[in-house]
Amino acid sequence: MDTENLLDIIRHRRSVRVYKSGKVTDGQLEMILEAARWAPSGANTQPWEFVVTRDRKKMKQVREIYSQEWRDRKKEDPVHYKGLKKDYVGDVSVLVLVCGEARSKQVYLTTRQPADREKLFQASIANAVQQAMLAAASMNLGTVWVSVREEVEPELRKMFKVPNELRLLWVMPIGHARSWPKAKPRRPISAFTHYEVYDKKKLRKDGDIHAWPKN
Ligand SMILES: Cc1cc2nc3c(=O)[nH]c(=O)nc-3n(C[C@H](O)[C@H](O)[C@H](O)COP(=O)(O)O)c2cc1C
């Protein structure tokens with residue numbers, strides 16, 4: 001066991017949004033999926049389902065779906081809409097649609113509230129995605145979380161024949177980074193860690209929260 005190596009991989013991972021050509025081999029993909037397979041999940045439900053494509057034509061269609069959403073949103077609110085174009089979804093070796101089997105929520109027997117079930121469900125799938133991303137980073141492959149908003153979900157669902165029993169949560173491109181991005185700032189441990197009880201002095205003001213996300 002080598003914690004320093006693990007931390008190096010964790011620190012190395014970046015959201016990669018510009019890719020160059022180059023194949024993610026079947027062996028690499030297998031290792032990425034193997035890492036996802038070992039993620040912890042609520043009641044060990046393992047609710048993730050991945051639809052994997054290497055088909056460039058399909059990726060270009062996905063890019064067009066996202067571009068159309070971007071254009072529509074920009075048209076609606078040209079001044080305030082600051083969403084970034086997601087061209088990278090059309091430009092990678094492998095594109096993974098991250099889905100979740102929503103019926104798994106019925107298995108969380110000790111949990112009664114729908115919101116609590118939803119937390120277990122999404123956290124379980126997010127764990128698998130994160131483990132996959134770390135495995136990719138360990139091979140110097142780039143990935144990025146791509147949100148699937150309601151505006152694009154139906155078209156993606158139809159294209160990839162995702163059954164209604166499943167939720168379509170995120171898209172994960174995997175490929176070779178054009179250049180490895182610089183790290184974004186991280187909050188110091190002392191800012192988010194509270195010993196014994198929550199330290200109210202550390203409660204951020206609204207302004208701090210809104211000012212935070214810096215590139
Ligand atoms: C749940 C989730 C959804 C995200 N959605 C998007 C997205 O739609 N598009 C995107 O470019 N990045 C997305 N990101 C990536 C974040 O912007 C990124 O992780 C964050 O800025 C930190 O940068 P880093 O991943 O390079 O460390 C998402 C991340 C998470 C965890």
Side-chain angles (χ1 to χ4, degrees), residues 6-20 32 35-36 39-42 47-51 59 62-74 77 80-100 102 115 118-157 160 166-189 191-192 208-215:
L6 177 61
L7 281 174
D8 282 347
I9 295 165
I10 289 171
R11 291 192 200 104
H12 180 59
R13 186 210 55 80
R14 297 275 177 286
S15 291
V16 173
R17 298 185 179 87
V18 187
Y19 292 86
K20 63 181 180 187
I32 290 167
S41 59
W48 45 82
E49 302 280 335
F50 301 120
V51 181
M59 287 181 204
V62 174
R63 173 163 68 196
E64 189 40 43
I65 291 169
Y66 274 99
S67 298
Q68 190 56 50
E69 187 223 351
W70 187 86
R71 285 193 292 269
D72 291 346
R73 301 278 303 273
K74 198 78 193 157
D77 188 352
H80 299 105
Y81 182 62
K82 299 273 186 266
L84 297 176
K85 290 198 82 179
K86 295 182 166 63
D87 286 346
Y88 42 84
V89 293
D91 218 11
V92 278
S93 180
V94 175
L95 197 65
V96 180
L97 264 78
V98 180
C99 306
E118 183 63 27
K119 273 194 272 186
L120 287 167
F121 175 69
Q122 292 211 12
S124 302
I125 299 162
N127 287 335
V129 173
Q130 178 65 3
Q131 294 201 178
M133 288 182 166
L134 290 176
S138 76
M139 296 180 272
N140 225 22
L141 293 170
T143 53
V144 56
W145 293 77
V146 184
S147 303
V148 173
R149 305 214 174 87
E150 285 182 17
E151 289 87 342
V152 298
E153 202 260 8
E155 272 186 276
L156 292 180
R157 180 180 288 279
F160 291 95
L166 303 195
R167 295 269 296 283
L168 210 175
L169 294 167
W170 303 289
V171 174
M172 175 173 63
I174 312 174
H176 293 267
R178 172 90 58 84
S179 63
W180 203 255
K182 234 172 45 249
K184 290 197 178 166
R186 274 357 196 216
R187 298 169 63 205
I189 296 171
F192 57 74
D208 299 334
I209 290 169
H210 290 289
W212 169 254
K214 296 275 176 245
N215 290 324

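Reckoned from all heavy atoms, side chains included, excluding hydrogens, waters and symmetry mates. Just follow the structure's listing: the first ligand is 1, and inside any ligand the first atom is 1.
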Visitor: Report yes or no: does R157 contribute a side-chain atom to a donor-acceptor pair with the main-chain N or O of L166 at less than 3.5 Å?
Guide: yes
Visitor: Using a 4.0 Å cutoff against the non-hydrogen atoms of K184, which atoms of ligand 1 qualify?
Guide: 21 (O), 23 (O)
Visitor: Main chain of S67, side chain of K85: is a donor-acceptor contact present, judged purely on distance under 3.5 Å?
Guide: no
Visitor: What distance do E49 atom CD and L169 atom CG have between them, rounded to the nearest 0.5 Å?
Guide: 11.5 Å
Visitor: Under a 3.5 Å distance rule, please check whether S124 uses its side chain to pair with a backbone N or O of G42 as donor and acceptor.
Guide: yes
Visitor: Within the side chain of W180, is there an N or O that forms a donor-acceptor pair under 3.5 Å with the backbone of R14?
Guide: no
Visitor: For ligand 1, does L84 get within less than 4.0 Å through its side chain, its backbone, both, or neither, judged by non-hydrogen atoms?
Guide: neither
Visitor: Any heavy atom of R186 closer to ligand 1 than 4.0 angstrom?
Guide: yes
Visitor: Which atoms of ligand 1 have any heavy atom of K86 under 4.0 Å away?
Guide: 7 (C), 8 (O), 9 (N)
Visitor: Does any N or O atom in W170 lie less than 3.5 angstrom from one in ligand 1, N or O only?
Guide: no
Visitor: For R17, is at least one N or O under 3.5 Å away from an N or O on ligand 1?
Guide: yes
Visitor: Would you check whether Y88 has a nitrogen or oxygen atom less than 3.5 angstrom from a nitrogen or oxygen atom of ligand 1?
Guide: yes
Visitor: Give a yes or no answer on whether the side chain of N127 reaches the backbone of A39 with a donor-acceptor pair at less than 3.5 Å.
Guide: no
Visitor: Would you mind listing which atoms of ligand 1 come within a distance below 4.0 Å of any non-hydrogen atom of V146?
Guide: 7 (C), 8 (O)
